[in-house]
Chemist: 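Okay, handing you the structure first.
Residue numbers start from 1 in every chain, and the chains themselves are labelled A, B, ... in the order their sequence lines are given, proteins ahead of strands. Only heavy atoms go into these numbers, but all of them, side chains included; no hydrogens, no water, no symmetry mates.
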Amino acid sequence: MQLPQHPPASIEELLERTRQLAGLTLGELADLAGFATPENLQRHKGWSGQLLELWLGAEAGSKPEQDFPQLGVELKTLPVNEQGKPLETTYVCYAPLVNIAGMSWEHSNVRNKLSCVCWLPILASRTIAPAERRVGSAFVWQPDQNEEAALRQDWEEIMELLALGKIESVTARHGEVLQLRPKAADGKALTDAIGEQGQRIRTRPRGFYLKKHFTQQILDKVFNDV
DNA sequence: CGATGATCATTA
DNA sequence: TAATGATCATCG
């Protein structure tokens with residue numbers, strides 16, 4: 001098996017690639033790709049995601065776009081435990097904190113990123129070394145009406161608070177399925193935001209994340225026919 | 001700095 | 001023990 005030389009031309013080709021990876025360990029995939037496998041992920045937090053991007057032919061980089069622009073598909077690896085439950089929240093995208101007055105859900109980066117996602121579960125309990133973590137069965141998901149409505153409601157509520165200058169009072173507890181949390185290299189990273197009096201303030205950058213129970217419901221629907 | 005890939009680790 | 005808030009690596 002070898003690394004793809006080009007992005008998949010269709011969703012079917014993408015899924016075919018994921019089927020060939022299912023059941024293999026990350027260590028095996030790293031060896032085949034000439035990738036070094038870290039002992040732990042403390043200093044390699046993005047390692048598994050980047051390894052799978054490589055194997056599926058996604059473009060590397062930090063562009064605020066989907067991983068497979070020509071397919072309109074976003075790739076998300078999802079760490080799960082032995083019961084198939086998500087171990088972590090899922091990062092969606094950076095949150096805009098200024099110039100957000102005229103933004104709409106329809107044109108939001110969150111909606112764009114989540115309009116079509118290829119979920120790739122990884123059996124990744126912390127007791128399992130990175131090399132032994134195993135790739136599961138991928139599937140392509142698009143939010144149904146209820147899911148989109150829930151995402152939209154959370155997004156609109158959070159964005160309104162940001163627009164009203166209440167960013168410092170928004171915590172990860174806001175939102176049923178989508179939450180806003182810090183997203184930065186460290187506590188010293190600062191960006192512009194709107195303050196209580198409408199003035200410009202400096203604050204820690206934020207990102208949107210999917211709560212675990214939301215991704216768990218997505219998994220339940222496809223694997224347990226719930 | 002902003003954005004990607006995320007997981008870590010302290011605390012509630 | 002789970003979740004929140006913090007952090008790590010890399011790229012342009």
Side-chain angles (χ1 to χ4, degrees), chain A residues 7 26 29-30 33 35-69 73-83 85-100 108-110 112-114 117-133 135-136 138 154 158 162 167-193 200-216:
Chain A
L26 298 185
L29 290 176
F35 239 53
T37 302
E39 286 299 307
N40 61 69
L41 300 185
Q42 270 185 26
R43 296 184 172 276
H44 304 271
K45 295 183 182 181
W47 178 76
S48 46
Q50 284 158 0
L51 178 63
L52 271 306
E53 280 187 347
L54 199 62
W55 274 107
L56 294 175
E59 310 289 335
S62 58
K63 300 181 293 293
E65 294 167 8
Q66 290 147 324
D67 295 297
F68 302 101
V73 174
E74 173 75 7
L75 176 70
K76 289 291 181 197
T77 60
L78 183 65
V80 299
N81 67 10
E82 287 74 4
Q83 285 72 241
K85 296 178 65 173
L87 289 165
E88 295 287 349
T89 56
T90 301
Y91 172 66
V92 179
C93 62
Y94 218 61
L97 304 182
V98 294
N99 303 135
I100 54 185
S108 70
N109 206 358
V110 172
N112 179 245
K113 284 288 182 76
L114 297 182
V117 178
C118 179
W119 293 100
L120 185 45
I122 312 275
L123 178 54
S125 305
R126 288 204 191 182
T127 52
I128 306 174
E132 305 307 319
R133 297 185 181 184
V135 178
D154 285 347
I158 291 169
L162 300 188
I167 184 167
E168 297 300 358
S169 68
V170 177
T171 73
R173 295 166 191 81
H174 280 85
E176 291 295 319
V177 299
L178 191 70
Q179 62 184 179
L180 191 76
R181 304 220 309 276
K183 172 67 173 170
D186 55 51
K188 285 169 285 188
L190 293 174
T191 190
D192 287 349
R200 188 190 67 104
I201 63 169
R202 303 284 286 167
T203 189
R204 297 175 348 282
R206 307 296 209 278
F208 282 110
Y209 296 78
L210 296 177
K211 293 192 175 186
K212 281 197 278 185
H213 75 82
F214 184 72
T215 48
Q216 182 171 351

Chemist: Please determine if a side-chain N or O atom of A:Gln42 lies less than 4.0 Å away from the OP1 or OP2 oxygen of B:dA9.
Modeler: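 Yes, because at least one side-chain N or O of A:Gln42 sits under 4.0 Å from OP1 or OP2 of B:dA9.
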
Chemist: In whole Å, what is the span from the CG atom of A:Leu52 to the C1' atom of B:dG5?
Modeler: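 Taking atom C1' of B:dG5 as the reference, CG of A:Leu52 is at 11 Å.
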
Chemist: Within the modelled atom types, does a donor on one side and an acceptor on the other bring the side chain of A:Tyr209 and the base of B:dA6 under 3.5 Å apart?
Modeler: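 Such a pair is found, so the answer is yes.
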
Chemist: A:Arg206 CZ to B:dC1 C1': how many Å, rounded?
Modeler: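 Rounding to the nearest Å, CZ of A:Arg206 and C1' of B:dC1 are 16 Å apart.
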
Chemist: Under 4.0 Å, heavy atoms only, any strand: does A:Pro205 hit a base, just the sugar-phosphate, or nothing?
Modeler: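 Answer is nothing: A:Pro205 stays at 4.0 Å or more from every strand.
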
Chemist: When only distance counts, do a donor and an acceptor, one from the side chain of A:Lys183 and one from the base of B:dG5, lie under 3.5 Å apart?
Modeler: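 Such a pair is found, so the answer is yes.
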
Chemist: What contact category does A:Glu59 fall into here, base, sugar-phosphate, or nothing, at under 4.0 angstrom with non-hydrogen atoms?
Modeler: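 The residue A:Glu59 makes no contact with any strand.
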
Chemist: Less than 4.0 angstrom between a side-chain N/O of A:Arg173 and OP1 or OP2 of C:dA3, yes or no?
Modeler: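 Result: no.
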
Chemist: Quick one: CG on A:Leu180 to CZ on A:Arg173, what's the gap to the nearest 0.5 Å?
Modeler: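 One finds 13.0 Å between CG of A:Leu180 and CZ of A:Arg173.
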
Chemist: With a sphere of 6.0 Å drawn around NZ of A:Lys63, does it hold more than 12 non-hydrogen atoms of other residues, nucleotides or ligands?
Modeler: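 Correct, the count exceeds 12.
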
Chemist: Looking for any heavy atom pair under 4.0 Å, which part of the strands does A:Lys76 touch: base, sugar-phosphate only, or nothing?
Modeler: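 If one applies the 4.0 Å heavy-atom cut-off, A:Lys76 turns out to touch the sugar-phosphate alone, with no base involved.
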
Chemist: Take A:Val73 and A:Gln66 through the test side chain to side chain contact (heavy atoms under 4.5 Å, CB included) and record every step on the way to the result.
Modeler: CA-CA 6 Å; A:Val73 174; A:Gln66 290 147 324; over 6 Å; no

Chemist: Rounded to the Å, how far apart are A:Arg181 CZ and B:dA6 C1'?
Modeler: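 The distance from CZ of A:Arg181 to C1' of B:dA6 comes to 10 Å, rounded to the nearest Å.
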
Chemist: A:Ile128 and A:Glu82: side chain to side chain contact (heavy atoms under 4.5 Å, CB included), yes or no, with the steps?
Modeler: CA-CA 11 Å; A:Ile128 306 174; A:Glu82 287 74 4; 3.8 Å; yes

Chemist: Heavy atoms only, 4.0 Å cut-off, all strands: where does A:Arg204 land among base, sugar-phosphate and nothing?
Modeler: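 Contact class for A:Arg204: sugar-phosphate only.
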
Chemist: Using a cut-off of less than 4.0 Å, is there contact between a side-chain N or O of A:Gln50 and OP1 or OP2 of C:dT10?
Modeler: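 Checking C:dT10 against A:Gln50, no side-chain N or O comes under 4.0 Å of OP1 or OP2.
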
Chemist: Select base, sugar-phosphate, or nothing to describe what A:Gly49 touches, counting heavy atoms under 4.0 Å on all strands.
Modeler: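 Counting heavy atoms under 4.0 Å across all strands, the contact made by A:Gly49 is with sugar-phosphate only.
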
Chemist: C:dA3 C1' sits how many Å from A:Asn81 CG, rounded?
Modeler: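 So the two atoms are 15 Å apart, to the nearest Å.
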
Chemist: Does A:Thr77 make a side-chain N or O approach to OP1 or OP2 of B:dA6 shorter than 4.0 Å?
Modeler: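 True: A:Thr77 side-chain N/O within range (under 4.0 Å) of B:dA6 OP1/OP2.
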
Chemist: Starting at the 5' end of DNA chain B and moving along, which residue's nearest nucleotide shows up first, A:Glu88 or A:Trp47?
Modeler: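 The 5'-side residue here is A:Trp47.
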
Chemist: Ignoring backbone atoms, establish whether A:Lys211 has a side-chain N or O less than 4.0 Å from OP1 or OP2 of C:dA3.
Modeler: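 So the side chain of A:Lys211 is outside the cut-off, no N or O lying under 4.0 Å from OP1 or OP2 of C:dA3.
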
Chemist: Remember a base hit wins even if backbone is also touched, and classify A:Arg43 as base, sugar-phosphate or nothing at under 4.0 Å, heavy atoms.
Modeler: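 Sugar-phosphate contact only - A:Arg43 comes under 4.0 Å of backbone atoms but never of a base.
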
Chemist: Categorize A:Thr90 for me: base, sugar-phosphate, or nothing, with a 4.0 angstrom heavy-atom threshold over every strand shown.
Modeler: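 No contact at all - A:Thr90 keeps every heavy atom at 4.0 Å or more from the nucleic acid.
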
Chemist: Within the 4.0 Å heavy-atom criterion, would you say A:Pro182 contacts the bases, only the backbone, or no part of the nucleic acid?
Modeler: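 It contacts base atoms.
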
Chemist: Show, in sequence, the C-alpha distance, side-chain angles and deciding distance for A:Trp55 and A:Val135, and conclude whether the side chain to side chain contact (heavy atoms under 4.5 Å, CB included) test is met.
Modeler: CA-CA 12 Å; A:Trp55 274 107; A:Val135 178; over 6 Å; no

Chemist: Closest nucleotide of DNA chain C for A:Asp186 versus for A:Thr89: which of these residues is on the 5' side?
Modeler: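 Of the two residues, A:Thr89 wins.
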
Chemist: Whole-Å distance between B:dG2 P and A:Ile100 CD1?
Modeler: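 Going from CD1 in A:Ile100 over to P in B:dG2 covers 14 Å.
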
Chemist: Any base atoms under 4.0 Å from A:Lys188, or only sugar-phosphate, or nothing? Heavy atoms, all strands.
Modeler: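 A:Lys188: no heavy atom of the nucleic acid under 4.0 Å.
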
Chemist: Is there a side-chain contact between A:Thr191 and the phosphate of B:dG2, meaning an N or O under 4.0 Å from OP1 or OP2?
Modeler: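 The answer is yes; a side-chain N or O of A:Thr191 sits under 4.0 Å from OP1 or OP2.
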
Chemist: Determine whether A:Lys212 and A:Thr89 satisfy the following criterion, side chain to side chain contact (heavy atoms under 4.5 Å, CB included), listing intermediate values before the conclusion.
Modeler: CA-CA 5 Å; A:Lys212 281 197 278 185; A:Thr89 56; 4.3 Å; yes

Chemist: Do any side-chain nitrogens or oxygens of A:Tyr91 fall under 4.0 Å of OP1 or OP2 in B:dT4?
Modeler: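 Result: yes.
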
Chemist: Quick check on DNA chain B: between A:Ala124 and A:Lys63, whose nearest nucleotide comes earlier from the 5' end?
Modeler: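 The 5'-side residue here is A:Lys63.
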
